[in-house]
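Every chain is numbered from 1, with letters handed out A, B, ... down the list of sequences.
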Protein chains: 2
Amino acid sequence: MSWSKDGRRSYHHGNLREALVAAAVRLIGEKGPGGFTFAEAARAAGVSPAAPYRHFRDRDALLADVAAQGFDRFTAALEAAWNDGAPDPLAALERLGRAYLDFARREPAYYAAMFEANLPADLHQEVTRAGDAAFAVLRRAADAVCDRLPTDRRPPALMVALHVWSLAHGIAALFGRDGTRRKLPMTPEELLEAGVLVYLEGLGLRPE
Amino acid sequence: MSWSKDGRRSYHHGNLREALVAAAVRLIGEKGPGGFTFAEAARAAGVSPAAPYRHFRDRDALLADVAAQGFDRFTAALEAAWNDGAPDPLAALERLGRAYLDFARREPAYYAAMFEANLPADLHQEVTRAGDAAFAVLRRAADAVCDRLPTDRRPPALMVALHVWSLAHGIAALFGRDGTRRKLPMTPEELLEAGVLVYLEGLGLRPE
DNA sequence: CAGCTCATGTGAAAGCTTTTAACATGAGGG
DNA sequence: CCCTCATGTTAAAAGCTTTCACATGAGCTG
């Protein structure tokens with residue numbers, strides 16, 4: 001709570017910006033992006049309610065920072081799961097799907113900030129850039145998958161990427177988190193994997 | 001503004017409950033479910049900020065009412081589009097998908113209340129019931145589609161319904177509304193139709 | 001029709017939040 | 001050493017939520 005190392009309270013926090021982001025992530029995880037409060041994040045960091053304004057223009061700017069950071073972590077997680085498509089694109093795509101849902105479940109705060117925050121268009125800049133990077137991973141995976149098809153039956157990789165993304169996001173949003181409304185007779189991972197398998201079959205791709 | 005027919009101001013509104021719901025729908029449409037305010041809905045209806053509490057336990061209860069009413073309208077729209085699967089289930093399924101996206105675009109306020117409001121579990125009762133009715137339409141459509149497959153290659157209709165719902169919701173959430181982040185080289189409707197066609201092909205169903 | 005009752009409205013108030021403005025502190029450079 | 005400016009603080013305005021006591025009048029009841 002902003003004490004300096006020797007035990008005295010320090011006027012300057014030291015790394016308030018990061019502390020606020022961390023507090024925001026925790027609070028969003030507990031009460032959703034709507035319930036998150038600038039003032040409460042300040043309290044959690046041990047500073048006055050006005051202090052955060054030295055680091056973020058307003059509440060939305062902090063939310064946007066969380067979203068951008070979330071997309072960065074998301075990108076890293078997807079990238080690791082894809083692993084350049086090894087050993088083969090289809091197996092790697094399945095890992096990618098699992099990683100997608102895994103992120104949504106394990107980091108609900110980030111996921112909510114990324115997709116459910118409804119940020120105003122002003123500060124979308126950085127968030128959009130980070131989101132594009134995440135989508136690029138999916139796009140590369142779709143490229144690799146499509147490359148396995150003969151050119152005369154090869155669908156647009158962008159479309160395939162959009163389909164996979166939409167299905168994954170739909171499942172994550174509807175059934176992905178533990179507290180979600182509806183109960184399933186299967187795990188979200190199984191649902192996504194089955195859906196992608198049927199879809200790939202429809203493209204003419206069959207796992208060996 | 002709560003004037004009686006002869007021009008005098010009336011102490012009692014008459015149908016405040018409905019007026020509040022209508023105001024909430026308009027406000028959610030303008031500023032999202034997060035930006036919506038109980039007090040502003042009261043102003044729009046021409047009553048004091050305390051008046052809504054005679055009709056709704058709190059702000060969330062009004063939001064839940066909007067969500068439930070949204071699901072009811074959604075159900076009706078899907079039902080009309082499905083039209084008992086005439087003339088054939090595959091053509092009807094395409095109409096169903098279009099109707100899904102159409103609703104999300106034309107009634108963003110309802111759609112947001114239904115899927116992005118993050119209502120607390122207390123008053124989920126009525127919302128869940130209304131949501132189940134909407135899903136039942138999709139479920140019946142999946143049944144009809146699956147019936148066209150020989151029993152030895154027939155997938156669980158519930159799974160098919162969940163796949164179609166997830167894909168439709170994913171597309172609606174990511175690209176469905178006009179102000180959404182990402183631009184597409186196609187309409188959401190085209191994206192959904194293409195995805196469902198590939199998926200059905202994967203199930204072994206081909207439109208004649 | 002008089003009168004009662006209770007659903008539905010009002011006003012005031014407490015406690016929260018956001019945001020701005022003026023002021024305070026102290027870390028680090030010249 | 002001291003000056004500056006980034007980074008805190010306090011104070012205050014404005015708005016929202018929610019509750020409480022109180023007001024009103026629509027409709028039943030005798």
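Atom CG in B:L16 sits about 13 Å away from atom C1' in C:dT10, given to the nearest Å. Atom CG of A:L62 and atom P of C:dT19 are 11 Å apart (whole Å). Atom CZ in A:F36 sits roughly 15 Å away from atom C1' in C:dC16 (whole-Å rounding). The CG-C1' distance, from A:L27 to C:dT17, rounds to 14 Å in whole Å. Between the OH atom of B:Y53 and the C1' atom of C:dA12 there is a distance of 15 Å, rounded to whole Å. The CD atom of B:E40 sits 7 Å away from the P atom of D:dC16 (whole-angstrom rounding). Rounded to whole Å, the distance from CG on B:L63 to P on D:dT17 is 11 Å. A straight line from CG of A:D60 to P of C:dT19 spans 8 Å, rounded to a whole angstrom.
Residue A:S48 places its side chain closer to D:dT10 than to any other of D:dT10, D:dA21, C:dT17. When each of D:dT10, C:dT17, D:dT17 is scored by its nearest atom to the side-chain atoms of A:A50, the top-ranked nucleotide is D:dT10. Minimum atom distance to the side chain of B:V47 is reached by C:dT10, of the listed D:dT17, D:dC16, C:dT10. Here C:dG9 is the nucleotide among C:dG9, D:dC16, C:dT20 with the atom lying nearest to any side-chain atom of B:H55. Comparing D:dG8, C:dT17, C:dG9 by their closest approach to the side chain of A:T37 singles out C:dT17.
Between A:F71 and A:Y111, the gap from one ring centroid to the other reaches at least 6.0 Å.
Among the atoms of the strands shown, none is found under 4.0 Å from any heavy atom of A:G35.
Residue B:R95 holds its CZ atom at 12.5 Å from CD of B:E193, rounded to the nearest 0.5 Å.
The pair B:R98-B:E190 does not count as a salt bridge, with every side-chain nitrogen at least 4.0 angstrom from each carboxylate oxygen.
Contact between the side-chain N/O atoms of A:R54 and the OP1/OP2 oxygens of D:dA6 is not found at any separation under 4.0 Å.
At distances below 3.5 Å, not a single donor-acceptor pair connects side-chain atoms of A:R59 with backbone N or O atoms of A:F38.
When the shell of 6.0 Å around CZ of A:R106 is examined, it contains 12 or fewer heavy atoms from other residues, nucleotides or ligands.
Judged by closest nucleotide on DNA chain D, A:R17 is the one of B:A39 and A:R17 placed further toward the 5' end.
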